[in-house]
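Working notes, beginning with the structure itself.
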Amino acid sequence: MLPLVVKVIALVLQTATSALTPVNDEATIIFAGDAMQHQAQLDAAKTRSGAYDYSECFAALSDEISGADYAVVNLETTLGGKGYTGYPCFTSPDSYAQALADAGFDMMLTANNHTLDRLDRGLERTIHVLDSMGVDHLGTYRNASERAERLPMIRDINGFKIGFLNYTYGTNGIKLKGNGIVDYIDREVIARDIQALRESGAELIAAAIHWGVEYEKLPHPTQKSLARYLADSGVEMIIGGHPHVIQPMELSEADSIGSRQLLVYSLGNFISNMRTTDTRGGAILKVKLRRTADGHAIVGDAAYRLVFTVPPTDGHTNFRLMQVDSPSIPAQWKGRAAAFASSARKIFDRHNINVQEY
């Protein structure tokens, strides 16, 4: 639960803010998992002209994504320029990020284990491209001055002032050589960042964390430990990624002032060319923010939808992301989609707390 001092500060700031700005009763945020870009995806997107077209990839979900007041996705690749490659060192065409933005994503997370796949230049170019697109991004910076300028990051989402954080456990052993900054998991840094967000008027905080053990469907003790730390520090939304499979979700009961905390250990893959049963899909999470009768912002409720990546087939030349139960999934992929859904639902039904499928 929120520490008393943090609660008091938040209540004072919310009261002062609501007196100056219109207060809305509800807002929605969508969080999506790891947007991967393997070689097969590059090959499928390449056109005869040599350009890369991803317009088909997210078409089936774009209405839902753009329909939220704000949408966040983990960009698990770099935009390092030509010479595009998939695993193990990812770099993708700029049009891939543009397709995600066109689908409705407002923020792309850049602190993950592939952030430095194209070294310092890749980090810097990724920031430059996202800036040129006008999309929000978080987790990496050209230098310390840029980090100080961009943070604390607070976005007004339909009248709710939401603070965002993004950290990664590591970068596959690759280290920066210049002045760039990657936000690694460091509890002292996190504590300062949370304090800065509260002091700057954040009503609620969402921390996106790249953590855990790949392909494990239950959280590692290190995830649980950090989750407890973040919750005790007052973070209301803890959203995890990296394992490439889904992991459980928990939404606490409201405390005495109506505050609730949401914990998602892993949303799995958003889109990829991974081919085991549990990596072929993931979950997108819809979070509803509400206000109590006296105007305080809370996490109202949260629900997930399972999505499945359909490889090129049935006359389609590109990968397509679809709802897992969509009748449009080609017949040859329905069995694999059903197997993914069954495995994911088994974990969620057994371990989720107050987070249901919608």
Side-chain angles (χ1 to χ4, degrees), residues 28-38 40-41 44 56-65 67-68 71-74 76 100 103-105 212-219 223 239-251 262-288 301-314 316 318-358:
T28 59
I29 304 177
I30 278 181
F31 293 96
D34 302 336
M36 309 294 293
Q37 182 69 181
H38 292 96
Q41 293 169 268
E56 189 178 24
C57 295
F58 312 109
L61 292 177
S62 61
D63 286 347
E64 182 167 5
I65 295 165
V72 182
V73 65
N74 174 42
E76 193 146 353
L100 287 166
F105 286 107
V213 179
E214 290 183 332
Y215 316 121
E216 292 292 329
K217 290 182 286 186
L218 293 177
Q223 289 172 274
I239 310 296
H242 173 63
H244 301 302
V245 296
I246 59 89
Q247 291 181 343
M249 310 173 179
E250 304 173 6
L251 181 62
L262 172 67
L263 169 59
V264 178
Y265 282 111
S266 174
L267 289 170
N269 286 331
F270 182 58
I271 191 169
S272 79
N273 185 44
M274 289 188 172
R275 289 174 284 185
T276 63
T277 295
D278 295 315
T279 60
R280 286 187 179 274
I284 57 175
L285 184 75
K286 182 179 290 186
V287 182
K288 287 189 178 181
D301 56 61
Y304 69 88
R305 183 188 296 283
L306 295 176
V307 294
F308 180 79
T309 299
V310 178
T313 190
D314 250 19
H316 294 270
N318 216 327
F319 286 76
R320 293 174 292 155
L321 194 65
M322 294 185 177
Q323 296 176 19
V324 75
D325 297 322
S326 171
S328 298
I329 292 179
Q332 71 189 85
W333 292 105
K334 286 187 182 295
R336 288 188 173 94
F340 161 73
S342 175
S343 180
R345 286 169 177 151
K346 186 178 298 184
I347 290 294
F348 286 153
D349 291 347
R350 183 176 301 169
H351 298 283
N352 276 18
I353 299 174
N354 297 326
V355 183
Q356 305 295 324
E357 190 169 5
Y358 71 94

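- Summarising the geometry of Ala341 relative to Val324, their closest heavy-atom pair is CB-CG2, 3.7 Å, with the distance given to 0.1 Å.
- What you find for Ile284 and Ala32 is that their closest heavy atoms are CG2-CB, 4.0 Å.
- Of the inter-residue distances, the one linking Asn269 atom CG with His38 atom NE2 reads 7.5 Å to the nearest 0.5 angstrom.
- Listed by chain and residue number, Asn273, Phe319 satisfy the side chain to side chain contact (heavy atoms under 4.5 Å, CB included) test with Ala40 (two or more places apart in sequence, or in another chain).
- Listed by first then second residue, pairs satisfying salt bridge (Lys or Arg N to Asp or Glu O under 4.0 Å) with a partner in residues 266-283 read Lys217-Asp278, not counting sequence neighbours.
- Residues Asn74 and Leu267 fail the side-chain proximity criterion, which asks for heavy atoms closer than 4.5 Å.
- Atom-to-atom distance recorded for His351:NE2 and Glu250:CD is 10.5 Å, nearest 0.5 angstrom.
- Relative orientation of the Phe105 and Phe270 rings is perpendicular, given thresholds of 30° and 60° on the angle between their planes.
- Taking 4.5 Å as the limit, some side-chain heavy atom of Leu262 sits within range of a side-chain heavy atom of Ile239.
- Residues satisfying the side chain to side chain contact (heavy atoms under 4.5 Å, CB included) test with Thr313, not counting sequence neighbours, are Val310, Arg320, Pro330, Gln332, Trp333.
- The CD1 atom of Ile347 lies 5.0 Å from the CG atom of Leu218; values are rounded to the nearest 0.5 Å.
- In this structure, the side chains of Leu321 and Cys57 stay at 4.5 Å or more apart for every pair of heavy atoms.
- Annotation: the span from Met249 atom CE to Asn352 atom CG amounts to 6.0 Å, rounded to 0.5 Å.
- Of all non-hydrogen atoms in Leu285 and Ala302, the two that sit nearest each other are CD1-CB, 4.2 Å.
- Every residue meeting the side chain to side chain contact (heavy atoms under 4.5 Å, CB included) condition with Ser326, not counting sequence neighbours, appears here in chain and number order: Met322, Gln323, Ser328, Ile329.
- Sorted by first and then second residue, the salt bridge (Lys or Arg N to Asp or Glu O under 4.0 Å) pairs involving residues 327-344 (not counting sequence neighbours) form an empty list.
- Looking at residues two or more places apart in sequence or on another chain, you find no salt bridge (Lys or Arg N to Asp or Glu O under 4.0 Å) involving Glu216.
- Under the side chain to side chain donor-acceptor pair (under 3.5 Å) criterion, Tyr358 pairs with Glu64, sequence neighbours left out.
- Partner Phe340 forms a side-chain contact (heavy atoms from CB on, under 4.5 Å) with one of Thr276, Val307, Leu306 and no other, that one being Leu306.
- No side-chain heavy atom of Ser266 sits less than 4.5 Å from a side-chain heavy atom of Val245.
- A search for ring-ring contact (aromatic ring centres under 6.0 Å, His included) contacts involving Tyr265 returns Trp211, not counting sequence neighbours.
- Under the 4.5 Å side-chain criterion, counting only non-hydrogen atoms from C-beta, Gln223 is not in contact with Val213.
- The salt bridge (Lys or Arg N to Asp or Glu O under 4.0 Å) search around Lys286 returns none, not counting sequence neighbours.
- Residues satisfying the ring-ring contact (aromatic ring centres under 6.0 Å, His included) criterion with Phe308, sequence neighbours excluded, are absent altogether.
- Here the shortest heavy-atom pairing between Phe348 and Gln247 reads CE2-O, 3.2 Å.
- Here Leu100 contributes atom CG and Ile271 contributes atom CD1; the two are 8.0 Å apart, rounded to the nearest 0.5 Å.
- With rounding to the nearest 0.5 Å, the separation of CD in Glu56 from NE2 in His316 is 5.5 Å.
- Scanning for salt bridge (Lys or Arg N to Asp or Glu O under 4.0 Å) contacts around Asp325 gives Arg345, with sequence neighbours left out.
- The side chain to side chain contact (heavy atoms under 4.5 Å, CB included) check on Ala68 picks up Thr28, Ile30, with sequence neighbours excluded.
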